[in-house]
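Structure record follows, encoded as structure tokens.
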Amino acid sequence: MLEQIRSPKDLEGLNEQQLKGLAQEIRSFLIETVSKTGGHLGPNLGVVELTLAMHRVFRSPADAMVFDTGHQSYVHKLLTGRQDFSDLRQSGGIAGYPQRSESEHDIVENSHASTSLSWADGISRAFKATGQADRHVVAVIGDGALTGGMAWEALNNITDDNDRNLVVIVNDNGRSYAPTIGGLARGLSKIRTEPWYREGYRISKRVFSVFGPLGRVLFNATHAFIDSLLGFGVPRGIFPNLDIKHLGPVDGHDIVSLEKVLQQAKNLGQPVIVHAITQKGRGYSPALEDEADQFHAVGKINPESGLPIKVSSEPSWTSVFGDELVARADADDKIVGITGAMLIPVGMDAMAEKYPGRVFDVGIAEQHAVTAAAGMAFGGLHPVVAVYSTFLNRAFDQVLMDVALHKAGVTFVLDRAGVTGPDGASHHGMWDMSILQVVPGIQIAAPRDEESLRESLREAVAIDNAPTVIRFPKGSVAKPLPALRRLAGGTDVLFESEAKDVLVVGIGPFAHLAVRVAGLLSQQGIGATVVDPRWILPVSEDLVELSADHRLVVTLEDGVRVGGFGSRLRQSLRVAQIDTGLHEVGIPAEFLEHAERDEILSRLGLTDKQIAMEVVEQVVGTRVPKAKPQLSEELSQDQGQHQ
Ligand SMILES: Cc1ncc(C[n+]2csc(CCOP(=O)(O)OP(=O)(O)O)c2C)c(N)n1
């Protein structure tokens, strides 16, 4: 039946049995396809009926559908003409999040959480202001995304007036990656887990409504009385003090009830919250049994068992960090951990297990995490805030004004820094070096291997009067790259030749790339020195001095070139009146589409061969003869190794 659904129109006229069958088919399709490519399986299995009901009650694209974060939009894609999931999240295949270039049914591409209600508020205001009053806006937001401050700001605005077609569906599955934290989550959980209360609430509301407005007053008073007797305190509705209509809770897997409630919400003609209770991983026992994250996001798995196809035996950057963090916590009880709903993905689970009282999951609340860290530093702790690089963007002002201005000793650990790959434009951790460069007093480290990661964390947590940052990429930790020697300013020399033509500065694991580039340059008769400054800010005096001894400086960084490390070093050289030329190699300031990391790096020319060719051009000042790069080709075969 799924194949017959080319657009939401094809859902019209299906009866309950057919819809149930279709839901079953969609689940099988998701399990079969996502197990081959990897992707967000658990969240999508949970919204099958909800998405079907949305597309039957509302008319996309005339009605705007906004999916918060967008990781749960696979079913929406299937119902809007996109059923080729064979290359999901791969180059040329469909994206793992909504994408405007794919379909007019997709609106918000930003996969950073908690934005949907602001989008919906804005769209509905625009519909109203431009005479498109018949168009509705529907936002789907998870209980996890509801922990983000933007969602609360938006709700306050959504309820500011009362004549817009705006439906907020709270997709409440009790989970973010892990169980959702906080008082709001506890309140939701009471509503979710007490069916007798829910049922009683529903029936008594109906009975009292017979008496009109007076009935409503009586209903509220009676409930307040019963709640106080029970000592129960279940809120009436998710936001009892928010002046907004509230429907539900409704069983998010009962398509008939869902449609009824959504139709009611649509008819209201004013902002309304629909509380739908769903189950993450619905219908797939390996997901349901997975306590850690219910298959929030999986790699390639065996569809029957749910077990991963490939288990890496190599430690990851994340696991090395997690391990060293425990060692730091052992040594210093002032050290605490903070995570924004990503305890396991950022590797803080080991510390949480050993020191449960010293790790704080603050929900999807990066801004709060950073300012709370400043507060903890004031109170005598040394917080380590671990987030994905891309999500720190959101808390820039807090890093600048709350941490740096107050000279707070807070360590930021930025996982997934640099090009990440299949999650696409909003997940690449390519902005941090550029935006953090401007923060006064900040110190930024980019370790190149396991030992330097451990060392930089030891150094960072010892700094108690400034923000420190450690950035590293996704995946297996790069192989050890020992230094030949360390200079007075802390810079590691990794490769040297007699002639001092080019100084190659490799940032983080790009130090490996730098060594390979130097090897290729040697083959061309160009002498190179390769160094890793380890701490890229403040700019090391070592680099300034070394630059003066070379003909050209080449910087390699896994970040945006604009305002990046290379441009900062260029400024330092200018200030020191050193006129050695500088060639910055990095990422252009562009939004990069989803593809494998190595594929993207290669497209951007971030390979040893390509970089060596550019350097030869600069040094020789002429184009490289066509035949020459062949020498480099053998070496470029291990391009995939740069992390
Ligand atoms: C700003 C930001 N921080 C962290 C994340 C990582 N993240 C993606 S989905 C998710 C959990 C979302 O939970 P919820 O909204 O309840 O949706 P569910 O997957 O449970 O359906 C998190 C923490 C993100 N996308 N954006």
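When a ligand or atom number is given, it counts from 1 through the structure's own listing order. Excluded from the calculations below are hydrogen atoms, water molecules and symmetry mates; all remaining heavy atoms, backbone and side chain alike, are included. In this text the structure is predicted, and so the values were computed from the model without any measurement.
- Residue-to-ligand polar distances place G144 within reach of ligand 1: an N/O pair is separated by less than 3.5 Å.
- Some N or O of N173 is nearer than 3.5 Å to an N or O of ligand 1, by distance alone.
- Taking a cut-off of under 4.0 Å to the non-hydrogen atoms of H112, the atoms of ligand 1 that pass are 26 (N).
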Sequence neighbours left out, cut at 3.5 Å: what donor-acceptor pairs do the side chains of residues 296-303 make with other protein atoms?
residue, atom, partner, partner atom, Å
H296, ND1, K280, NZ, 2.9
N302, OD1, E304, N, 2.8
N302, OD1, S305, N, 3.3

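- Of the protein's heavy atoms, H71 NE2, 2.7 Å lies nearest to atom 19 (O) of ligand 1.
- Atoms of ligand 1 lying under 4.0 Å from any heavy atom of M342, numbered from 1 in the order shown and given with element: 6 (C), 23 (C).
- Every atom of ligand 1 with a heavy atom of R394 under 4.0 Å away is listed here by number and element: 1 (C).
- For ligand 1, the atoms closer than 4.0 angstrom to any heavy atom of D143 are 16 (O).
- Heavy-atom contacts of N171 reach the following atoms of ligand 1: 21 (O) (cutoff under 4.0 Å).
- Geometrically, ligand 1 and A145 share a nitrogen or oxygen pair separated by less than 3.5 Å.
- Within ligand 1, counting atoms from 1 as listed, the ones closer than 4.0 Å to a heavy atom of R175 are 13 (O), 14 (P), 16 (O), 20 (O).
- Polar contact with ligand 1: absent for A341 (N/O pair, distance under 3.5 Å).
- Under the salt bridge (Lys or Arg N to Asp or Glu O under 4.0 Å) criterion, R82 pairs with E102, D106, sequence neighbours left out.
- Here the rule is side chain to side chain contact (heavy atoms under 4.5 Å, CB included) with L50, and of I169, V250, V274 only I169 fits it.
- Per-residue contacts place H296 under 4.0 angstrom from the following atoms of ligand 1 (heavy atoms of the residue considered): 9 (S), 10 (C), 11 (C), 19 (O).
- The protein atom (non-hydrogen) at minimum distance from atom 13 (O) of ligand 1 is S176 CA, 3.4 Å.
- The shortest N or O to N or O distance between K280 and ligand 1 is under 3.5 Å.
- With contacts defined as side-chain heavy-atom distances shorter than 4.5 Å, the pair H40/D423 qualifies.
- Of the polar atoms of E366, at least one N or O is found under 3.5 Å from an N or O of ligand 1, judged by distance alone.
- Of the protein's heavy atoms, S111 O, 2.9 Å lies nearest to atom 25 (N) of ligand 1.
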